Amino acid sequence: MKDYIIGIAIGAGIALTLIAPARCEAQTTYLYGAQGQSLGTVQQSGNTQYFYGPQGQSAGTAMRSGNTTYVYGPQGQSVGTVMAPVAPLVMPVYQAPTQSLTPVYDSIFGR
């Protein structure tokens with residue numbers, strides 16, 4: 001159950017990492033479970049988020065670089081990597097005209 005709660009806290013923190021804007025000052029976010037119990041806190045400083053459990057113990061760290069977030073456990077071991085989707089590059093497509101662009105030419109030579 002304890003691992004489940006830490007997993008929820010880290011998962012919520014990852015979501016915050018992916019959508020939260022980068023700022024210079026530290027921010028604190030409080031995490032709560034479905035029944036209102038405290039799951040811990042997340043402190044953000046720049047591109048790094050620090051996760052703490054309900055008693056203040058370290059639960060892990062997440063660092064963002066570009067569209068990738070690297071997640072580390074309480075002892076600094078690598079837990080995983082999350083990649084945000086990149087918006088597709090939309091290329092224009094040429095559509096040939098359906099009617100003639102030279103009506104005078106068409107009227108003379110009968111197109």
Side-chain angles (χ1 to χ4, degrees):
M1 182 68 171
K2 186 176 184 181
D3 292 335
Y4 177 74
I5 292 173
I6 290 173
I8 290 174
I10 290 176
I14 290 170
L16 291 174
T17 300
L18 296 175
I19 62 173
R23 298 194 178 170
C24 294
E25 72 274 2
Q27 290 180 287
T28 301
T29 303
Y30 300 93
L31 303 173
Y32 298 96
Q35 283 76 37
Q37 74 278 19
S38 174
L39 297 178
T41 59
V42 179
Q43 289 184 340
Q44 180 173 347
S45 179
N47 290 338
T48 305
Q49 289 187 331
Y50 304 94
F51 302 98
Y52 300 96
Q55 284 78 38
Q57 73 279 16
S58 175
T61 305
M63 292 188 292
R64 183 177 56 197
S65 176
N67 69 335
T68 305
T69 302
Y70 302 95
V71 183
Y72 301 94
Q75 284 80 34
Q77 74 278 18
S78 178
V79 175
T81 303
V82 178
M83 295 187 71
V86 178
L89 178 61
V90 178
M91 299 296 293
V93 176
Y94 175 74
Q95 293 286 345
T98 56
Q99 60 189 37
S100 175
L101 297 176
T102 57
V104 173
Y105 178 86
D106 292 345
S107 66
I108 295 172
F109 295 102
R111 184 172 181 184

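No experiment lies behind these values; they were computed from the predicted model shown.
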(Q) Using 0.5 Å steps for rounding, measure from the OH atom of Tyr50 to the CD atom of Gln44. (A) 10.5 Å
**Q.** Nearest heavy-atom neighbours spanning Thr69 and Ala62
**A.** CG2-CB, 4.0 Å
Q. Which atom pair, heavy atoms only, marks the closest approach of Ala59 to Pro74?
A. O-CD, 3.7 Å
(Q) Against Gln49, only a single residue in Thr61, Val71, Thr29, Val42 fulfils side-chain contact (heavy atoms from CB on, under 4.5 Å); can you say which? (A) Val42
(Q) I want to check something: taking the side chain as every heavy atom from C-beta on, are Met63 and Asn47 in contact at a cut-off of under 4.5 Å? (A) no
Q.
Who clusters with Tyr30? Use side-chain heavy atoms, under 4.5 angstrom, across I, L, V, M, F, W and Y, and order the result by chain and number.
A. Tyr32
Q) Which value, rounded to the nearest 0.5 Å, describes the distance between Thr41 atom OG1 and Tyr52 atom OH? A) 7.5 Å
Q) Going from CZ on Phe51 to CD on Gln57, what distance comes out if it is rounded to the nearest 0.5 angstrom? A) 13.5 Å
Q) Tyr72 and Ser78: which non-hydrogen atoms are nearest, and at how many Å? A) CD2-CA, 3.7 Å
